[in-house]
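Each chain gets a letter, A, B and so on, in the order the sequences are listed, and its residues count up from 1. These numbers come from the heavy atoms of this one structure, side chains and all, not from hydrogens, waters or symmetry mates. Since the model is a prediction, treat every value here as computed from it, not as a measurement.
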Amino acid sequence: NAGVTQTPKFRVLKTGQSMTLLCAQDMNHEYMYWYRQDPGMGLRLIHYSVGEGTTAKGEVPDGYNVSRLKKQNFLLGLESAAPSQTSVYFCASRPRFASYEQYFGPGTRLTVT
Amino acid sequence: AQSVTQLDSQVPVFEEAPVELRCNYSSSVSVYLFWYVQYPNQGLQLLLKYLSGSTLVESINGFEAEFNKSQTSFHLRKPSVHISDTAEYFCAVTQTQGGSEKLVFGKGTKLTVNP
């Protein structure tokens with residue numbers, strides 16, 4: 001049982017490039033989340049999904065898109081990366097009916113130059 | 001909308017000293033409360049949670065937090081810290097919006113335990 005995994009762990013992009021971050025969970029959780037963590041800002045919710053085929057905007061969705069084609073995967077896309085998107089990105093998941101505890105992945109450190 | 005305030009961004013303490021990390025949240029409606037810990041270069045791990053029942057909750061490594069509804073607080077305490085407790089600690093509270101529950105996080109408190 002690997003829990004929540006994220007790919008890649010590190011990435012450097014040039015401004016304007018695109019990329020996709022992959023989050024996978026093997027716990028059969030319905031809910032999945034993407035956060036970004038910046039120094040002194042805590043975690044801010046980018047997008048989330050309450051089930052396969054559904055997504056919704058969080059607190060800071062601009063510049064990002066997401067897809068949940070399979071229950072176990074949640075993809076975060078950057079179509080045209082900007083330096084302001086330099087951050088550490090965390091994925092999390094939780095079951096629909098439970099204690100609301102979210103299980104986090106190890107993070108992806110993204111630098112946009 | 002919910003908001004979470006962690007009153008101290010950094011807390012330095014000496015080993016074996018007591019520590020309190022403060023957390024206040026904005027809404028008085030029913031909430032679930034969490035403390036997460038993040039060790040350097042790692043993801044977040046759940047430390048403890050309050051869902052209902054006893055207002056004092058404990059973790060397996062000696063931390064405890066007390067839910068105080070009247071003061072809308074959920075402060076984290078440990079009577080004697082270790083070097084290994086050095087980490088960043090995040091308080092979080094549930095927010096129900098659009099029929100789904102999300103977590104709202106505070107900005108974090110960096111605890112540094114010095115020898």
Side-chain angles (χ1 to χ4, degrees), chain A residues 2-7 9-10 21 23-25 27 29-51 54-61 68 74 87-110, chain B residues 1-11 21 23-26 29-53 57 59 65 67 74 87-110:
Chain A
V4 180
T5 58
Q6 293 183 233
T7 310
K9 289 185 170 51
F10 304 93
L21 282 66
C23 175
Q25 52 93 6
M27 298 174 282
H29 287 171
E30 287 82 6
Y31 288 20
M32 296 186 75
Y33 307 83
W34 275 108
Y35 295 92
R36 60 177 289 171
Q37 183 182 29
D38 303 292
M41 300 294 290
L43 273 78
R44 293 182 290 171
L45 183 64
I46 305 171
H47 286 281
Y48 65 100
S49 168
V50 300
T54 69
T55 63
K57 293 180 180 180
E59 180 186 355
V60 288
R68 183 101 182 267
F74 195 28
S87 187
V88 181
Y89 292 86
F90 287 100
C91 176
S93 71
R94 74 165 179 89
R96 185 188 304 275
F97 301 113
S99 62
Y100 307 104
E101 173 189 350
Q102 293 184 14
Y103 297 78
F104 282 81
T108 295
R109 186 174 295 273
L110 175 67
Chain B
Q2 278 281 8
S3 66
V4 177
T5 302
Q6 291 186 242
L7 294 156
D8 305 294
S9 60
Q10 299 191 49
V11 174
L21 307 183
C23 172
N24 287 89
Y25 59 96
S26 59
V29 299
S30 296
V31 294
Y32 301 117
L33 296 151
F34 304 81
W35 276 99
Y36 281 84
V37 58
Q38 184 180 33
Y39 298 104
N41 299 310
Q42 294 187 27
L44 277 72
Q45 304 172 32
L46 182 69
L47 188 61
L48 46 76
K49 61 188 176 187
Y50 170 78
L51 304 179
S52 64
V57 291
S59 72
F67 170 55
F74 192 53
E88 190 159 18
Y89 293 78
F90 293 93
C91 181
V93 61
T94 50
Q95 174 175 286
T96 301
Q97 189 173 10
S100 65
E101 289 79 22
K102 297 186 285 290
L103 284 181
V104 177
F105 286 86
K107 294 185 177 181
T109 298
K110 287 188 178 176

Q. Where does Q38(B) contact chain A at under 4.5 Å (heavy atoms): side chain, backbone, both or neither?
A. side chain

Q | Side-chain heavy-atom pair F105(B), Q37(A) within 4.5 angstrom cut-off | A | no

Q. Does any non-hydrogen side-chain atom of N41(B) lie less than 4.5 Å from one of R109(A)?
A. yes

**Q.** N/O donor-acceptor pair under 3.5 Å between Y36(B) side chain and Q102(A) backbone
**A.** yes

Q: Could you tell me which portion of L43(A) (side chain, backbone, both or neither) has an atom closer than 4.5 angstrom to a non-hydrogen atom of chain B?
A: both

**Q.** Per-residue contact mode, Q6(A) against chain B (heavy atom under 4.5 angstrom)
**A.** neither

Q: Could you have a look at A56(A), G107(A), G40(A), G105(A) and say which one has the most heavy-atom pairs with chain B under 4.5 angstrom?
A: G40(A)

Q: Tell me, for R44(A) versus chain B, whether the close heavy atoms (under 4.5 Å) come from the side chain, the backbone, both or neither.
A: neither

Q.
Could you check whether any side-chain heavy atom of Y35(A) comes within less than 4.5 Å of a side-chain heavy atom of L44(B), counting everything from C-beta outward?
A. no

Q) CD/E101(A) to CG/L103(B) distance, rounded to the nearest 0.5 angstrom? A) 9.5 Å

Q: Heavy atoms only, distances under 4.5 angstrom: which of F90(A), F104(A), Y33(A) has the most pairs with chain B? Name it, please.
A: F104(A)

